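Remarks on the structure that follows.
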Amino acid sequence: MNEMTTIDRTQRAYSPAAQAFLARKPALFINNEWVSSSHDKVIEVEDPTSGKIVGHVVDASDRDVDRAVAAARAAFDDGRWSGLPPMVRDRTMNRLADLLEANADLFAELEAIDNGKAKGMAGAVDVPGAISQLRFMAGWASKVAGETTAPYTMPAGAVFSYTLKEPVGVCAQIVPWNFPLLMAALKIAPALAAGCTIVLKPAEQTSITALKLADLVAEAGFPAGVLNVITGNGHTAGDRMVKHPDVDKIAFTGSTEIGKLINRNATETLKHVTLELGGKSPVVVMPDVDVAATAAGVSGAIWFNAGQVCVAGSRLYAHRSVFDQVLEGMAQNAPFWAPRASLDPEAHMGAIISKEQHDKVMGYIEAGKRDGASVALGGDAPSNGGGYFVNPTILVDVNPQMSVVREEIFGPVVVAQRFDDLDEVAREANNTCYGLGAGVWTKDATTMLKLAGKIKAGTVWGNCHAVIDAALPFGGYKESGIGHEQGRLGIEAYLETKTVIIQM
Ligand code: ADP
């Protein structure tokens with residue numbers, strides 16, 4: 001691990017375009033215009049690599065939220081978006097995707113500066129992911145359709161009955177800080193395709209790429225008020241959005257704790273709610289695997305994005321016969337994931353989002369040690385005097401009662417355990433309140449299918465991890481969420497079904 005301590009983690013220079021964007025006056029994007037807040041409260045933009053404040057965004061007031069919701073409400077109610085030919089909605093969304101593509105390098109850089117993630121990863125994963133969400137969902141604008149259905153109790157021809165699919169209405173979309181642009185695109189794409197209008201709020205830690213996205217909205221051709229972007233704190237602006245009587249639907253990605261709170265708050269006005277929440281995803285390694293390839297895969301499962309991934313493979317269960325080799329293989333992969341400055345071209349892992357999150361991750365490692373866990377790899381926090389880094393970490397000698405095994409750490413920390421047979425590992429994999437993702441590594445098709453069936457999770461990956469695709473539904477079992485995003489289910493989450501029955 002010596003190599004990890006000698007890395008120069010000084011942040012690299014920002015491009016002139018990034019500097020110019022960060023220097024902009026804090027503003028909100030409402031009705032296709034940049035407008036000032038009703039008050040002068042701002043949120044600092046911090047570069048987690050350096051710990052330096054590099055800009056400011058608006059901390060939206062209640063009046064700001066009301067203004068954005070009013071814009072979305074008016075844009076929905078007069079049908080300026082839902083009334084357009086689906087072909088036009090499709091084309092407008094694809095134009096936004098084109099503009100994202102044309103600005104891909106700047107988006108990747110801004111994401112790296114604001115979130116701390118490696119720019120190379122942002123360019124390879126976040127930005128293309130956002131583009132594909134928009135392009136895939138754009139096609140649904142013209143494929144959404146109801147059905148003509150004959151009634152059960154009436155003779156043929158007595159009535160003409162059919163269903164219509166209609167947009168839900170004004171959507172408040174609240175996204176987290178781990179994949180800011182990707183999460184924003186994942187939220188807006190199905191809503192726009194369905195004909196909804198939107199108030200989008202990025203996380204207070206990472207507002208920059210959502211604001212840059214807003215910059216492209218008018219140019220792409222969206223009518224005013226269709227997609228509004230506001231920045232602000234969760235407990236103020238977010239809360240106002242959730243409780244607002246003119247909002248029809250809440251789509252939230254974030255922690256299970258806040259998801260539960262939002263669900264309770266949205267009940268008052270009976271809003272539609274979809275929630276994508278936390279996880280503690282198990283990764284099962286069977287004895288028959290190619291150890292080197294599997295070790296690389298399970299390393300990426302936990303260390304990609306510094307483990308700040310809702311589906312991070314944070315509980316490793318390796319069969320007793322390969323446990324030691326898998327951990328050795330992960331140790332060999334660790335230098336690849338050594339944390340670096342987010343703009344360092346060699347970076348694969350960057351900084352942790354904030355001091356708060358950094359301290360939380362280190363607190364978990366300390367709690368694990370106090371509970372009797374041993375550090376097999378990492379466990380320490382390299383410093384460059386300002387940024388928030390944690391080395392790739394493996395904890396062993398753990399048991400199911402420990403907080404490091406039960407709770408979502410949201411950092412580059414995996415707890416590794418041995419198992420002997422399939423039923424035992426399936427039981428342990430399911431010994432969690434979460435059910436978001438799971439990984440199974442084996443060459444044996446029967447074992448793969450058995451485990452895919454037994455594990456209670458919204459997605460099970462076989463010999464891969466965290467593969468996300470716009471066409472494939474994504475959602476959580478148990479306390480990992482309500483509803484689905486992506487695929488046909490993703491667009492249906494933004495549609496109402498109306499039944500029409502006409503006496504003939
Ligand atoms: P994390 O734990 O990953 O920081 P949170 O669940 O706290 O994530 O936050 C995710 C998103 O939810 C952010 O955009 C945040 O501003 C927002 N948020 C936090 N608290 C609330 C709340 N009470 N009501 C609405 N949104 C909230």
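Quick caveat, the model's predicted, so the values are computed rather than measured. All ligand and atom numbering here is 1-based and tracks the order in the structure. Just the heavy atoms: all of them, side chains too, but no hydrogens, waters or symmetry mates, feed the values below.
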- Report the relative orientation of the aromatic rings in F222 and W81; use parallel for angles under 30°, tilted for 30 to 60°, perpendicular for over 60°. tilted
- Does some non-hydrogen atom of A237 fall short of 4.0 Å from ligand 1? no
- Proximity flag F252 to ligand 1, non-hydrogen atoms under 4.0 Å: yes
Per-atom contacts, ligand 1 versus [X] - under 4.0 Å to a heavy atom:
| X | value |
| --- | --- |
| P202 | 14 (O) |
| G254 | 6 (O) |
| G238 | 24 (N), 25 (C), 26 (N) |
| A203 | 13 (C), 14 (O) |
| L261 | 23 (N) |
| W177 | 1 (P), 3 (O), 4 (O) |

- Are any non-hydrogen protein atoms located under 4.0 Å from atom 12 (O) of ligand 1? yes
- Are N178 and N305 side-chain neighbours, meaning at least one heavy-atom pair lies under 4.5 Å? yes
- Query: Quick one: does H465's side chain get under 4.5 Å of V298's, heavy atoms only?
  - Reply: no
Where is the nearest protein heavy atom to [atom]: which residue, which atom, and how far?
| atom | value |
| --- | --- |
| atom 14 (O) of ligand 1 | V175 O, 2.8 Å |
| atom 17 (C) of ligand 1 | I174 CG2, 3.5 Å |
| atom 22 (C) of ligand 1 | G234 O, 3.3 Å |
| atom 15 (C) of ligand 1 | E204 OE1, 3.3 Å |
| atom 5 (P) of ligand 1 | S255 OG, 3.7 Å |
| atom 7 (O) of ligand 1 | I258 CG1, 3.5 Å |

- Which is it for I262 and ligand 1 at heavy atoms under 4.0 Å: side chain, backbone, both or neither? side chain
Could you tell me whether [X] and [Y] make a salt bridge, using a distance below 4.0 angstrom between a side-chain N and a carboxylate O?
| X | Y | result |
| --- | --- | --- |
| K280 | E479 | no |
| R73 | D248 | yes |
| E268 | K271 | no |

- Does the ring of Y494 carry K249 above it, NZ/CZ under 6.0 angstrom from centre and within 45° of its axis? yes
- Task: Verify whether the ring centers belonging to F410 and W177 lie closer than 6.0 Å.
- Result: yes
- Message: Aromatic contact between W34 and F29, with the criterion being ring centroids under 6.0 Å apart: yes or no?
- Response: yes
- Contacts of H348 meeting ring-ring contact (aromatic ring centres under 6.0 Å, His included) (sequence neighbours excluded), chain-then-number -> F336
I'd like a table of donor-acceptor pairs (distance under 3.5 Å, sequence neighbours excluded) in which one partner is a side-chain atom from residues 122-133, with atom names and distances.
from	atom 1	to	atom 2	distance (Å)
D126	OD2	K117	NZ	2.5
S132	OG	G129	O	3.2
Q133	NE2	Q486	OE1	2.6

- Has ligand 1 got any nitrogen or oxygen that is less than 3.5 angstrom from a nitrogen or oxygen of K201? yes
